[in-house]
Amino acid sequence: MISFKDIQKGLLVSLWFVFLTFPLMVIKVNPIERVITWRWQNMGWVALGSFCYYLATKIYKARKLARQQQIKLGLIKERVDWGQRLLSERKIYLPVLIVVGLGFLIFPLVLSTYQTNIMVTALMYVVLGLGLNIVVGVAGLLDLGYVAFYAVGAYSYALLNMHYGLGFWTVLPIGGLLAASFGILLGFPVLRLRGDYLAIVTLGFGEIIRLILENWNSFSHGPSGISNIPRPGFLGLHLSLGHSITYMYYLMILMVLFTIFVVNRLQNSRIGRAWFALREDEIACQAMGIDKTRTKLTAFALGATWAGMVGVIFAAKTTFVNPASFTFLESAIILCIVVLGGMGSIIGVIVAALILILMPEYLRAFSDYRMLVFGAVLVIMMVFRPQGIIANVRRTYKIPDAIKPKLSRK
Amino acid sequence: MLELKNICTYYGNIQALHDISLKIEEGDIITLIGANGAGKSTTLMSISGIIPPRTGEILFKGQPIHNLSPDKIVALGICQVPEGRHIFPDLTVAENLDMGAFLRKDKEQTTKDLDYIYDLFPILKDRRNQPGGNLSGGEQQMLAISRALMAKPQLLLLDEPSMGLAPLVTRQIFDIIKKINREHNTTIFLVEQNANLALKVADRGYVLETGRITLHDKASTLLADEDVQKAYLGI
């Protein structure tokens with residue numbers, strides 16, 4: 001399966017990687033003591049790692065090719081993708097669903113406050129991912145400034161609470177609506193753009209919002225942020241910190257369920273189909289009488305609504321907001337969740353959000369290499385599973401022969 | 001039914017149409033023939049409102065429509081089959097047809113129309129669960145026409161339905177066009193490079209040259225016209 005030539009090429013690849021990573025992995029300069037430490041053992045690891053990785057991809061590709069040929073010859077049947085099988089066979093997904101559901105239900109009761117707290121953050125990203133999924137995955141509009149809407153939500157709670165004393169439950173819908181109107185505001189000028197240009201303008205919008213929050217001191221208290229934001233109340237009871245986090249956890253679970261329900265209904269609705277169609281061919285859409293601007297604006301506004309509501313929850317959870325929480329990196333992470341999970345796939349986005357947010361928390365020991373691992377995971381994903389962890393399966397119409405209406409004409 | 005009065009359409013600073021005026025009566029098949037770059041497709045785009053004219057008037061049943069957005073124009077009953085088909089490649093055939101009926105609210109009639117379409121093009125029925133991108137060129141053209149018919153248009157705008165198709169398939173498509181016109185009394189505005197075939201199907205024809213209408217007459221007269229024969233029929 002592996003020829004001598006492959007090994008030769010693998011060696012060349014590892015040599016190249018050694019060269020590339022040499023300044024980073026081998027040389028370590030200590031500017032205080034003015035000494036250089038040479039970490040030669042790292043070089044060996046890089047060489048070995050890249051060589052093994054190269055061979056692994058080679059073997060994987062060769063096997064894939066062989067299987068495809070066998071399928072072509074009719075020797076074996078095409079394997080159904082495991083992600084698809086998980087979703088399509090009731091016997092498999094029902095018990096999985098029950099176990100996962102129960103797990104989530106008792107999570108805060110058996111595990112510590114710390115764990116619950118992390119999980120709340122992860123669930124927030126699930127909702128953010130699902131919201132962005134409407135814009136990027138379903139409608140196909142690449143939005144790199146999604147975090148701006150998140151910021152709008154968070155600051156609307158912080159400011160409305162500080163100035164007018166409004167409570168969490170009042171601001172939750174207001175934050176969503178404000179974010180939606182910001183989405184429409186951004187949408188109007190940029191929707192004539194497509195692809196890369198749209199991405200650049202949304203990126204700019206995200207930065208504008210952050211810079212305004214950072215520099216308009218009299219409005220947003222600048223970089224020092226706003227503190228002492230109250231946590232959500234529960235029937236007027238005073239909750240301890242631990243209880244309050246547990247309460248937020250269940251709140252987030254409800255929020256996630258609500259989001260899944262709405263997004264699922266949206267995707268199978270008339271407007272959902274219009275989004276899918278718009279992603280595929282704009283001219284045809286216009287010829288079919290779909291209002292291009294309105295359809296895109298709804299996608300933007302609906303996506304932004306979720307970001308706004310999660311923003312409110314974020315402000316309530318951390319009791320403190322400042323502009324540093326709303327950098328471009330946040331947008332990038334949310335976008336990664338959508339791409340990694342599989343564009344347009346609800347379950348994929350949920351899985352990806354949990355992986356991407358929980359993994360760094362539990363791998364604190366490797367926190368120095370977090371971004372490195374992050375990048376590597378993304379590259380590996382693009383090589384092996386470009387369609388995402390669990391690709392989107394669109395609902396198809398099947399008309400059973402029995403109830404097919406009789407053809408009667410002429 | 002549809003009247004264009006002195007239409008001028010521009011792409012930026014470049015004028016593509018110069019004072020186009022034409023008239024389409026209800027129930028007719030009218031064809032617009034011309035060479036590459038004459039402005040045939042632009043005329044259709046102007047009618048559908050995708051590239052609205054800068055000056056001039058477009059009247060549909062006496063109502064001006066040149067200021068309306070494309071979706072409003074479709075809602076009035078003018079539907080275009082764009083050049084190069086523009087089907088949705090990742091949606092199934094059934095979903096493609098469904099998109100055609102996007103603006104319609106009468107579910108029962110829509111299902112009936114769907115049956116009619118499947119009757120018209122049995123191949124689409126066989127392939128209704130396949131993605132549109134998997135169809136052959138001819139099938140895609142059938143799908144594009146069917147999708148437009150699902151909108152139940154009063155005026156159907158066809159942009160080069162013969163493009164890239166084998167002669168036999170082209171003839172089949174043209175037979176269907178005639179059938180649609182006869183059975184549904186759908187007015188058809190046909191833009192074609194295949195002048196010979198188009199003029200044989202049509203009632204009247206317009207000849208477009210570099211953005212200007214140079215000739216218009218009965219289709220049979222045009223077919224016999226010496227200049228037309230020389231320029232477009234290769235006789």
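Chain identifiers are assigned alphabetically (A, B, ...) following the order of the sequence lines, protein sequences preceding nucleic acid strands; residue numbering begins at 1 within each chain.
Summarising the geometry of B:Met99 relative to A:Ala274, their closest heavy-atom pair is CE-CA, 4.0 Å, with the distance given to 0.1 Å.
More than 12 heavy atoms of other residues, nucleotides or ligands shown are found within 6.0 angstrom of OH on B:Tyr11. The 12-atom threshold is exceeded at CZ of A:Arg270, counting heavy atoms of other residues, nucleotides or ligands nearer than 6.0 Å. Enclosure of atom CZ in A:Arg192 is not indicated, since only 12 or fewer non-hydrogen atoms of other residues, nucleotides or ligands lie within 6.0 angstrom. The environment of B:Tyr10 atom OH is dense: over 12 non-hydrogen atoms of other residues, nucleotides or ligands sit within 6.0 angstrom. Within 6.0 Å of the CZ atom in A:Phe182, the count of heavy atoms belonging to other residues, nucleotides or ligands does not exceed 12.
Contact annotation for residues 137-161 of chain B against chain A (heavy-atom separation below 4.5 Å, listed by residue number): B:Arg147, B:Ala148. For a heavy-atom cut-off of 4.5 Å, chain B lies close to A:Ile283, A:Ala284, A:Cys285, A:Gln286, A:Ala287, A:Met288, A:Gly289, A:Ile290, A:Asp291 in residues 283-299 of chain A. Contacts of residues 27-41 of chain B with chain A at a heavy-atom distance below 4.5 Å are absent; not one residue qualifies.
Heavy atoms of B:Pro82 lying under 4.5 Å from chain A belong exclusively to its side chain.
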Can you give me every donor-acceptor pair (side chain of residues 65-79 of chain B, partner residue at least two apart or in another chain, under 3.5 Å) with its distance?
| from | atom 1 | to | atom 2 | distance (Å) |
| --- | --- | --- | --- | --- |
| B:His66 | ND1 | B:Ile58 | N | 2.9 |
| B:Ser69 | OG | B:Asp71 | OD1 | 2.9 |

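The cationic atom of A:Arg273 (NZ for Lys, CZ for Arg) does not lie both less than 6.0 Å from the six-membered ring centre of B:Phe102 and within 45° of the ring axis.
Put simply, NE2 on B:His86 and CD on A:Glu280 are 13.0 Å apart, with the number rounded to the nearest 0.5 Å.
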